[in-house]
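Structure, as structure tokens:
In what follows, every chain begins at residue 1, and chains take the letters A, B, ... in the order their sequences are listed.
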Number of protein chains: 2
Amino acid sequence: MATIRDVARLAGVSVATVSRVINQKDSVNPETAGQVLKAVEQLQYEPNAVARGLAGKKMGIIALILPDILNPFFPALARGVEDVAHKKGLTVILGNSDDLGLKESSYIKVLKKKYVDGFIIASNTIREEDVESLRKEGIPIVLLDRGLNTTACPVIRSNNREGAKLAAHHLLGQGCQRIAHIYGPQEFITARERLLGYEEVVQGSKGYSPSLMEPGHFDIDSGRKAVEQLFARHPNIDGIFAGNDLMAIGALKALRERGIQVPEQVKVCGFDGIGLTEITEPELTTVAQPIYEMGRLAAQILLDEIESGISGNSLIELDVTLIPRKSTMKEES
Amino acid sequence: MATIRDVARLAGVSVATVSRVINQKDSVNPETAGQVLKAVEQLQYEPNAVARGLAGKKMGIIALILPDILNPFFPALARGVEDVAHKKGLTVILGNSDDLGLKESSYIKVLKKKYVDGFIIASNTIREEDVESLRKEGIPIVLLDRGLNTTACPVIRSNNREGAKLAAHHLLGQGCQRIAHIYGPQEFITARERLLGYEEVVQGSKGYSPSLMEPGHFDIDSGRKAVEQLFARHPNIDGIFAGNDLMAIGALKALRERGIQVPEQVKVCGFDGIGLTEITEPELTTVAQPIYEMGRLAAQILLDEIESGISGNSLIELDVTLIPRKSTMKEES
DNA sequence: TACGTTAATGTAAACGGTTACATTTATAAT
DNA sequence: ATTATAAATGTAACCGTTTACATTAACGTA
């Protein structure tokens with residue numbers, strides 16, 4: 001591999017001049033620039049990213065830390081991030097945190113040493129101190145979902161409360177009287193908001209009871225188990241709003257096992273809008289988050305901060321969309 | 001951030017000595033080492049990865065290039081790679097190639113400049129020349145699936161032919177007489193092998209006809225369309241072996257639309273063993289590849305090559321497992 | 001004519017490590 | 001006692017850029 005010195009030598013100029021024409025900085029005589037470019041061409045010179053990184057403290061890498069790429073919610077997010085990064089010539093380092101604060105901290109520590117340009121963290125367990133320390137060092141960071149009190153950096157999330165209300169209203173509109181809610185871990189702000197939205201809508205209705213709410217862990221199995229619990233208490237449930245799609249799928253499975261017809265006897269609505277919802281039987285009604293778009297947006301905001309050096313702290317709540325499908329269909333009357 | 005020179009100063013030794021104790025290279029007096037370690041501790045010194053990278057031409061990063069993380073096959077692969085990498089203190093850069101040779105080449109070019117330690121490429125379109133050029137520069141690379149003639153580097157894949165035979169035999173065993181096959185793009189070696197395995201088993205049987213084979217693109221929609229084609233030609237098909245799970249899911253959908261019962265009238269078997277197969281109705285019989293394990297193995301082999309500097313060219317074919325589920329269940333007699 | 005500006009370029013010091021080579025001292029072998 | 005060998009450490013070059021600062025030449029202006 002040719003180095004900048006090789007180019008300088010061949011073009012008969014100093015390395016500084018070569019650097020200038022490569023980066024289009026400062027003024028350089030067009031004629032000289034021509035020589036340099038010719039030499040670059042001739043030697044097939046490509047600047048070394050690591051040397052650049054060392055000098056400039058930026059490796060052209062953005063770090064994406066998420067709980068688990070195996071969770072079907074995250075691939076779309078990752079793809080959104082990667083697509084905009086790639087368009088701008090940056091690459092993406094992927095880290096799975098398993099929602100372990102410690103693992104996140106350790107990633108941050110390691111990646112800081114690699115001079116990543118910035119962080120996108122999709123996490124519910126990220127620690128304030130970590131965010132602070134990054135800010136202090138001038139490393140941009142964008143958060144997904146988290147960040148209630150954090151005014152320290154941009155936060156992107158969906159409008160979870162509105163989404164939950166959408167779901168609850170939809171179920172009511174489809175004729176449900178006793179709507180249960182399987183809620184996610186309450187340390188996740190998303191899960192809390194969805195629960196609140198549900199309560200807000202359902203509280204007034206006649207069938208309401210706090211015992212219609214059952215916790216789950218945002219995975220298929222806990223959705224299934226929650227249904228067992230719920231039906232033990234309330235055999236007459238006719239609608240289920242699950243805090244996410246995975247739990248809704250679990251619910252679907254449990255209902256089928258019990259021989260309960262969906263949507264005839266019980267209607268089910270999920271949350272997230274992951275691809276899986278299209279392949280269940282019946283297809284699953286869900287409140288779709290613009291997942292890919294969230295990834296794109298996070299990356300765009302991050303790149304803006306990286307380029308401008310200005311750090312914002314906006315809280316962006318994206319709109320969600322109810323996608324009605326067979327699992328909540330009202331029988332034709 | 002403290003630098004190695006700060007540590008050297010505080011410990012009253014030269015930077016070389018500090019480097020030695022940090023990297024446990026060469027011999028250094030235990031007492032001196034103690035001083036250094038104390039200084040390291042006191043200054044909270046952490047070696048800068050970029051400077052290291054520049055000096056050693058290795059950034060502690062492995063590049064994982066795959067077609068599309070949105071394809072449900074790949075997250076498990078990525079997770080396998082990442083888990084191994086993380087355990088060894090390396091990080092993973094993720095690139096989506098969309099099976100575009102050009103995008104792959106461009107990634108390789110960019111990442112070489114970033115001194116990644118090695119590449120894991122899951123691709124059907126990777127070009128020989130790219131592999132060659134990496135080898136020539138001593139950058140380890142491990143391929144997934146591809147690499148028929150390529151003896152130039154390790155290749156990991158599943159035993160696709162055996163898997164297909166497993167599937168075909170299973171369908172025969174379940175009483176199918178006319179087994180169709182929806183095969184994937186023939187430029188993919190995996191798809192070719194699966195087709196061959198299918199033919200090998202089915203060729204002799206009475207119901208066999210070349211028109212029982214229909215192409216697809218490894219996605220849900222093409223699976224659905226293939227079923228339309230197949231049933232137009234052969235209304236009496238009673239078994240379908242899809243070249244991958246996505247097409248099998250499409251087939252399931254198409255069959256349901258036509259009012260054909262699975263497994264009573266037609267049995268369906270997929271290939272890959274992605275998570276989706278557990279949530280279809282009926283649950284999908286599939287030939288499972290050890291996807292996560294493939295990722296792990298690829299990473300392990302790559303790391304071995306990185307550490308040892310020795311480059312192998314083994315071809316590893318992992319065993320697949322037939323997972324019988326409801327979609328191929330024989331009615332109780 | 002002398003001088004402040006600006007454009008064009010070069011020099012060399014960062015950036016923060018690793019490592020080949022040199023030097024000194026202690027130890028073992030002859 | 002002498003010399004070869006190994007252990008412990010230091011010096012400085014090197015990895016390949018960027019960039020602050022210095023230098024020179026050309027130009028417009030008072």
Point to revise | Salt bridge A:K112-B:E46, side-chain N to carboxylate O under 4.0 Å | key: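 Here A:K112 does not pair with B:E46 in a salt bridge, since their nearest N and O are not under 4.0 Å apart.
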Point to revise | Electrostatic pair A:K87:A:D83 at N-O distance under 4.0 angstrom | key: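 Not counted as a salt bridge, because no side-chain N and carboxylate O are separated by less than 4.0 Å.
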Review point. Is a donor-acceptor pair below 3.5 Å formed from side chain A:R52 to base D:dG16, judging by atom type as modelled?
Key: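 No.
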Practice item. Look at the side chain of A:R5 against the base of D:dT17 and say whether a donor-acceptor pair falls under 3.5 Å; ignore hydrogens and angles. Key: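 It does, because a donor-acceptor pair links the side chain of A:R5 to the base of D:dT17 below 3.5 Å.
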Do the side-chain N or O atoms of [X] get closer than 4.0 angstrom to the phosphate oxygens (OP1, OP2) of [N]?
X	N	answer
B:T17	D:dG10	yes
B:S19	C:dT18	yes
A:Y115	C:dC15	no
B:K57	D:dC15	no
B:T32	D:dT9	yes
A:K25	D:dT18	no
A:T3	D:dG16	no
B:K58	C:dT18	no

Check your understanding: Side chains of A:R135 and A:N313: do they bring a donor and an acceptor to under 3.5 Å?
Key ->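 Absent: no donor and acceptor within the cut-off.
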Rounded to whole Å, please give me the gap between [atom1] in [X] and [atom2] in [N].
X	N	atom1	atom2	value
B:D6	C:dG17	CG	C1'	13 Å
A:D26	C:dT6	CG	C1'	13 Å
A:L54	D:dT18	CG	P	11 Å
A:M59	D:dG16	CE	P	14 Å
A:Q35	C:dA8	CD	P	15 Å
A:K114	C:dG16	NZ	C1'	16 Å
A:N48	C:dC15	CG	C1'	13 Å
B:R9	C:dG16	CZ	P	12 Å

For [X], report the nucleic acid contact type (base, sugar-phosphate, nothing); a contact means any heavy atom under 4.0 Å.
X	result
B:S27	base
B:N23	sugar-phosphate
B:E46	sugar-phosphate
A:V50	nothing

Check your understanding: Does B:E104 reach the main-chain N or O of B:S97 with its side chain, forming a donor-acceptor pair under 3.5 Å?
Key ->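 Side chain of B:E104 to backbone of B:S97, a donor-acceptor pair under 3.5 Å: no, none is there.
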Check your understanding: So which one's nearest nucleotide on DNA chain D is more toward 5', B:A51 or A:R20?
Key ->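 Upstream on the strand: B:A51.
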Practice item. Would you mind telling me which of C:dT9, D:dG10, D:dT17 lies closest to the side-chain atoms of A:N29? Key: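 When the side chain of A:N29 is considered, C:dT9 is the closest of C:dT9, D:dG10, D:dT17.
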Check your understanding: Choosing from D:dG16, D:dT17, C:dG17, which nucleotide comes nearest the side chain of B:Y45?
Key ->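 Of all the options, the side chain of B:Y45 is nearest to C:dG17.
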**Study point:** Least distance between heavy atoms, B:I61 atom then B:L90 atom
**Key:**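 Looks like N-CD1, 4.5 Å.
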Exercise for review: Show the numbers, then the answer: is there a side-chain contact (heavy atoms from CB on, under 4.5 Å) between A:I4 and A:S19?
Suggested key: CA-CA 8 Å; A:I4 198 172; A:S19 179; 4.0 Å; yes
